[in-house]
Amino acid sequence: MAKRVVVVGGGWAGSAAALCARKAGAEDVILLERTDSLLGTGLVGGIMRNNGRMTATEEMIAMGGGDLFEVCDRNSRHVNFSFPGHKHASLYDVAKIEPAVKRYLLEKGVEIWNFSRFTEVDVRDGSIAAVYLESGDRVEGDVFVDTTGSCGAQTLCTDNGNGCVMCVIRCPTFGPRVSLVGKVGIKEKAGKKPDGSFGAMSGSCKLSKETLAPHIREELERTGMVMVPMPEHMINRKKLGVKACAQYALSEYAENVILLDTGHAKLMRPFIPLHQLNQLPGLEEARYVDPYAGTVGNSMRFTDLSPRDDAMKVEGNIDNLFCGGEKAGLLVGHTEAIVTGVLGGHNAVRALAGKDPIILPDSISIGDAVSHVREEMETERGLKTKFTFSGSVYFERMKEKGLYTTDKEAIVKRVKKAGLEDVFNQRVM
Amino acid sequence: MIVSYMITAECVNCGACERECPVQAISAAADQYVIDDVLCVECKGYFAEARCKWACPVNACVPERESYLVRAVSLANKGARPVVYKGGPKVAGRVLQAHQPDKVNP
Ligand SMILES: Cc1cc2nc3c(=O)[nH]c(=O)nc-3n(C[C@H](O)[C@H](O)[C@H](O)COP(=O)(O)OP(=O)(O)OC[C@H]3O[C@@H](n4cnc5c(N)ncnc54)[C@H](O)[C@@H]3O)c2cc1C
Ligand code: SF4
Ligand code: SF4
């Protein structure tokens, strides 16, 4: 019987892991997702290729694992535009991206299970034999990848945030996230806020574009971005400290309401009371579409981070468990989830085939980020930091180390020099 | 007539009730603590007020209400079946076909 790869959690990381497991030659790949859709937090968001994410994206394309970036490119509403602190960004259309990814994965032979929430695990002799779903189904596998993310559940959002604010993760309906790594008894880490409390609040909301004044909507659709200045009495510079995405802690973000066109209007703030938002010119009738209670808060993330090595193998007493995405550490973003998902999915198949894993060298920014974040997470300071190719401390590091470039030829050369050209397109079994 | 106490989704996983329960009817489940309604004696013969209700900091321990139990569980627990999408090369350009499989090894 063909060996089976089971990927638990269908966000960007899980979608990338399942796809790359197929590309690496696994015949039987099942992707389990608790809700009715793939992409998890990728159903909101949408910013790609900004700042150092351009480099990481092109590296992954050169290494042969860039399929999902190309799907995003084909479903982008705006390309190569700038907004404060960010250059050459693309925005994918949050309404169109899920069906596009689902179709792509199905074409490549991934079997997708929705309404399939993992709740229990069957471990035998140090290996996971099967996972159980809430529905009672037992799904057996030979290797497992935990890509359940770090969003929610109600206990985290209630204890460390402002309560469940009804975000796209929809815990009350589909049941909360469950960590596979946690279930097998491996101790996980939690990211912290600067004040030391756990988790971090997600950094953006969505407004219904139809509820914005026509001139704002028109400019948003034409240019991709609108900045609406805030009246002085509403400016709260402290609030930026609580955000998950440190790269947005610029004064432009405290003094304006910044909107990006991702199909809906992406509002670049963790939350803002609706009655305040409605005081801004042109936003008098603005309404939230995610989270529905964006008036008081946002989802909480970054607990349950898995200990792992640079091959994305989970460290501990289980020999057939890999991870990717937010689960794999404080590397934030769709791009970051895709690249670590590719690595986890590919190396899971290498493990099945009895081959050594691929570990990316630090001459490649993805390799540098994977090992740097792992090391930083050993420290208290690191646990309070969020890392992303797109800004803040890690983008600074990319620039210092000469890793940041938008020159595609230079990136292809870099990948060739490391002997990694097209590796993620090679079948290993 | 109450037959047992139950714990609502308000539970913040502090574990206070588990330590207090005189008949060890309370245990940690996937996302919160739960009361085994067979073991629970509503503290009759032990305490005047149910001990978990007394101990819980967020008032999550309440007399069992069937309507709550039926509505609060997530979809899968209500019997929703996995929806499985299978593809292959022919899937391009075709409407995605979802189907619900029979239980595998229940
Ligand atoms: C509001 C918001 C806006 C954002 N905007 C951007 C942006 O513009 N650009 C950007 O790059 N990043 C953005 N991010 C960050 C980015 O979305 C995440 O870092 C990244 O997508 C994480 O991907 P993931 O696959 O690791 O996790 P997730 O997206 O959290 O996916 C995990 C998946 O696992 C599933 N799952 C969990 N438990 C189980 C279980 N027990 N059984 C089955 N399935 C389970 C979940 O349902 C979910 O689909 C944003 C995040 C948020 C919340
Ligand atoms: S805000 Fe989102 S992640 Fe948090 S409990 Fe509610 S649905 Fe879940
Ligand atoms: S005392 Fe209340 S909150 Fe604490 S575990 Fe028990 S039910 Fe949950």
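So that the names make sense, note that chain A is the first sequence line, chain B the second, and so on, each numbered from 1.
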Original post:
When heavy-atom pairs shorter than 4.5 Å are enumerated against chain B, which of A/Ile112, A/Leu133, A/Ile30 gives the highest number?
Top reply: A/Ile112

Original post:
Should we say atom NZ of A/Lys3 is surrounded by more than 12 heavy atoms from elsewhere, each under 6.0 Å from it?
Top reply: no

Subject >> Smallest separation among heavy atoms of B/Tyr85 and A/Lys102, with atom names >> reply: CE1-NZ, 3.3 Å

**OP:** Using a cut-off of 6.0 Å, state whether more than 12 heavy atoms not belonging to B/Phe47 lie near its atom CZ.
**Re:** yes

Subject >> A/Glu27 atom CD, over 12 foreign heavy atoms within 6.0 Å >> reply: no

**OP:** Can you see which heavy atom on B/Val84 is nearest to which on A/Glu111, and at what distance?
**Re:** CG1-OE2, 3.6 Å

